[in-house]
Each structure stands twice: as structure tokens, then as C-alpha cells.
Amino acid sequence: MKNAFLFTRRTLMAASIASLLACTSVSKNDTVDYKAAGAVRGPNLTLPPDLITAQADRRYIVQDGTATMSEFNAASKKISQTRQNVLTGIPGMRIARDGEKRWLVVERPAPELYPLIKDFWQENGFLLVVDSPSTGIMETDWAENRSKIPQDFIRKTLGKVLDSLYDTGERDKYKTRLEVPRPGETEVYITQRGALEKCVSDSTGSCISTVWTPRPNDPELEAVFLARLMERLGVSQESARAQVAAAAAAPVKTPKAKFVQEGVNTGRIDMSSSFDRAWRDVGLALDRSNFTVEDRDRSKGIYFVRYVNPKEVGESKGFFSKLFSSSDDSSLKAKRYRVVLRSSGDNLTQVYVQDDAGKPENTPAGYRLLTLLDEQLIK
């Protein structure tokens, strides 16, 4: 009887271990592995104070009600067809670079590329909180890069059983902007923004709470997704990575921007570059800052943006919590501004900030916006 008991117990233990090993997570040898934004634990802390959320794409969210197998099969067939409709061998598709700035140039019209790029982000585990085909702008929700979690033996063995216990304390989101410099050609810009969870300590040094704070922009993450997008559009993985690496290895001298003080709370930015180059650089600077580009008019040199000064939110609210407060935050609503570029010759472009009506924004807020842009443009 005793031997039979030991045999049974060992059999159960072996079965348990086999079950755990079956749950082993397979770690990709890659720098990014984002968990879907909708699966982030806890309340939806995905909205920093600089954003007013646009309608997110809900195609991967389960709605209330019932679904049939035929509907599921139809949806799966549509996704499969979408993945098969990948552009192959696009002539002239290449990575362009200026300093740390890299972007993709594709010889295809923007309306043709937009749905493919939208599917690309969703296939990589992101939800879209900004989806604007009319302006060529999309923005992902915040998501966690799971590849940064150490893949030790216990983690690999237990896999998803302990998945919710691991958190890197970092979040990323990405903006994609499509520009049309000439008919039939599209420039695709991808910019990353990061957030880091930091501990708030009391007088004894004990951590009493955590707050989300901005993290420096990471150009390498942008390059990773540019390479992945090239793959999505039909380029081989080796060729895409080689083009991105070649662009990174080719140093290009970037002209510096100069902040010009004109008076109390007034000023401008002088850029020693052509209008086309200044337009591109200002657009990237806006994408990497706490600005939301609502629209733009390249012919008039105007970016229409929204911005909320994080200092107005108050440190006690932290980075993400402003839109989830029960108090009246109407006074903190994002304000609209115009960032205006004026060409003053072949190698000089001046940048100004105006209010929503097109008048000079000679206020501390306007001055702050210029300094933020200047910080990005001198990089």
C-alpha cells in the first residue's frame, strides 16, 4: 500500500511538472515584444494629461452580446486576406536619415499605405487611440515592452501563470505620421514616447506610492519599428535591418536651431535650413513632445496642435491620472495653438507660436511651447 501511494504521488508530481513546462513562454530574440495595450493590468492609466483621446479602433475588442462561428470565421478570413495583401518589392522604398532622425520613403500614395500601416500596429499588439486617415496620423495606446522582463528558469517554466506578477515599470507609445512631399510618394515618420514608473518615498525612505514620469525618447525603438514596417510592406528582414543599420552608420550634420528672444514671453526659433527640412524637423519635434497634431497645412506652413502643460496638472496627480480624477479639471483642458513656419530664404526658416485664432501667443504658455520645441530641434 505504501509503495502504491508513493507511486501515485510521484505520478501526480510528474504530471504537474509536465503541465507547467507546457506553459513555458517562448522568448523571442528581439528587442521589442509588446503586450496588447488593452491587457495592461489595473485601471486604464494610458492617458497622460497632454492627450484628449480620440475614438480608438475597436475591431479587436469583444463587444457585449453574442457572436456566431460564421462571423468569427469571416473575420479571421478577412484578417488573413489583409496579411496576404502585402505590397511586395516596392521600387524605391528606402530609409532616409538626417542626424538621429530616420524615416521611411515609399513610392506609393498615402491613402494606399494608411490601412496597411494601421494593420501593422494592430498586428504588433497595439490599440490605436488616434486613427485619422484624413490627416495621415495615427497614435497607439501605451503598452509594455515584455521583452525587458528577465527570462529566468522559473519565468520560462511558469510562463503565463505568473505573467501578471511581472512588470517592467515602463510604457511606450508610438505616433505615425504620413507626409506627401510630392504626388505618388509618401514619407512615413514613427516617433516613440516613453513613461517610467517611479517610487515616491516618505521621510524614512520607504516607498509609499508610485507616479508615472516621462522617459527620454529612444531613437533605436523607432528604428526597430521602421524596419518591421518595411518587412510588413514586403522587404525581407535582412534587407530591412541592413537599410536601417546603414542609415544609422551614415552621420549627417544637422543644423542647429537658435532660440531668439524678442521680448517678455515672446520669441521665435531660427532654423538654418530650407522650409522642407524645417517642416520635417518641426513635425518630428511636435510628435516627440507633449503635443497632439490635429491638422496641418503645409502650403501655409501651419501645424494645428493641442497641448496641456504638465505643470498645470500638479505633481500629486502624477503623469497618467489627470483624466481619471473625480475633481473638476475643465480648466486643464488641452488648449489649441498654431505652430507657424515662415521661410526667409533658402537656408532660413523661422518658427512662431500663435493662439487658436492665429494671433501671436505672447504668454508664458506660448513661450514655454517655443522652448519645448527648441529642446527637441537642437538634438
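Predicted model only: the values in this text are computed from it and were never measured. For the single chain, residues carry numbers from 1 onward in sequence order.
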Verdict with reasoning, Glu197 to Arg171, per salt bridge (Lys or Arg N to Asp or Glu O under 4.0 Å): CA-CA 9 Å; Glu197 190 175 21; Arg171 297 290 185 273; over 6 Å; no
Verdict with reasoning, Gln350 to Tyr352, per side chain to side chain donor-acceptor pair (under 3.5 Å): CA-CA 7 Å; Gln350 297 176 325; Tyr352 300 86; 3.0 Å; yes
Audit row: Arg296, Ile137, side chain to side chain contact (heavy atoms under 4.5 Å, CB included) steps and yes/no: CA-CA 11 Å; Arg296 59 199 186 280; Ile137 296 173; 3.5 Å; yes
Intermediate values then yes/no, side chain to side chain donor-acceptor pair (under 3.5 Å), Asp297 and Ser299: CA-CA 6 Å; Asp297 187 338; Ser299 64; 2.5 Å; yes
Residues Tyr337, Tyr307; criterion ring-ring contact (aromatic ring centres under 6.0 Å, His included); working and verdict: CA-CA 8 Å; Tyr337 301 92; Tyr307 179 79; 7.1 Å; no
Salt bridge (Lys or Arg N to Asp or Glu O under 4.0 Å) between Lys173 and Glu139, worked out: CA-CA 7 Å; Lys173 74 183 314 177; Glu139 183 174 352; 3.1 Å; yes
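Between the OH atom of Tyr174 and the CG atom of Asp141 there is a distance of 13.0 Å, given to the nearest 0.5 Å. To the nearest 0.5 Å, atoms CZ (Arg241) and CD1 (Ile95) are separated by 13.0 Å. For the atom pair Ile302 CD1 and Arg298 CZ, the distance stands at 14.0 Å (nearest 0.5 Å). Here the CZ atom belonging to Arg177 is positioned 12.5 Å from the OG1 atom belonging to Thr186, to the nearest 0.5 angstrom. The CZ atom of Arg277 sits 10.5 Å away from the OG1 atom of Thr349 when rounded to the nearest 0.5 Å. Within the model, atoms CZ of Arg280 and CG of Asp276 stand 8.5 Å from one another, a figure rounded to the nearest 0.5 Å.
Partner of Asp172 under the side chain to side chain contact (heavy atoms under 4.5 Å, CB included) criterion, chosen from Arg193, Glu144, Arg215: Arg215. When each of Val224, Ile117, Leu229, Leu221 is tested with Ile190 by the rule side chain to side chain contact (heavy atoms under 4.5 Å, CB included), just one qualifies, namely Leu229.
Residues satisfying the salt bridge (Lys or Arg N to Asp or Glu O under 4.0 Å) test with Glu294, not counting sequence neighbours, are Arg306, Arg336. With sequence neighbours left out, Phe304 forms a ring-ring contact (aromatic ring centres under 6.0 Å, His included) with no residue at all. In this structure, the salt bridge (Lys or Arg N to Asp or Glu O under 4.0 Å) partners of Glu185, at least two apart in sequence or on a different chain, are Arg182. Contacts of Tyr189 classified as ring-ring contact (aromatic ring centres under 6.0 Å, His included), with partners at least two apart in sequence or in another chain: Trp103. With sequence neighbours excluded, the residues satisfying ring-ring contact (aromatic ring centres under 6.0 Å, His included) with Tyr367 are Phe259. By the side chain to side chain contact (heavy atoms under 4.5 Å, CB included) test, Ser236 pairs with Glu238, Ser239, sequence neighbours left out. Taking Arg338 as the reference, nothing meets the salt bridge (Lys or Arg N to Asp or Glu O under 4.0 Å) condition, with sequence neighbours excluded. Remark: Asp270 engages Arg268 in a salt bridge (Lys or Arg N to Asp or Glu O under 4.0 Å) (not counting sequence neighbours). Every residue two or more places apart in sequence or in another chain that forms a side chain to side chain contact (heavy atoms under 4.5 Å, CB included) with Thr204 is listed here: Asp202, Ser206. With sequence neighbours excluded, the residues that form a side chain to side chain contact (heavy atoms under 4.5 Å, CB included) with Ala285 are Leu373, Gln376, Leu377. Every residue meeting the ring-ring contact (aromatic ring centres under 6.0 Å, His included) condition with Tyr303, not counting sequence neighbours, appears here in chain and number order: Trp279.
Within the 4.5 Å cutoff, the side chain of Asn145 has no heavy atoms near those of the Glu170 side chain. Within the 4.5 Å cutoff, the side chain of Met271 has heavy atoms near those of the Val351 side chain. Residues Val293 and Thr135 have side chains not in contact (no heavy-atom distance under 4.5 Å, counting atoms from C-beta outward).
Applying the under-4.5 Å side-chain rule to Ile, Leu, Val, Met, Phe, Trp and Tyr, the cluster around Leu348 consists of that residue alone.
Under the 3.5 Å distance criterion, the side-chain polar atoms of Asn217 are matched with a main-chain donor or acceptor of Gln192.
Taking the six-membered ring where the residue is Trp, Phe126 and Trp121 present perpendicular rings, their angle passing 60° and hence far from 30°.
Side chains of Asp131 and Tyr114: a donor on one and an acceptor on the other come within 3.5 Å.
A single hydrophobic cluster is seen to contain both Leu104 and Phe120, as judged by linkage of ILVMFWY side chains at heavy-atom distances under 4.5 Å, directly or through other members.
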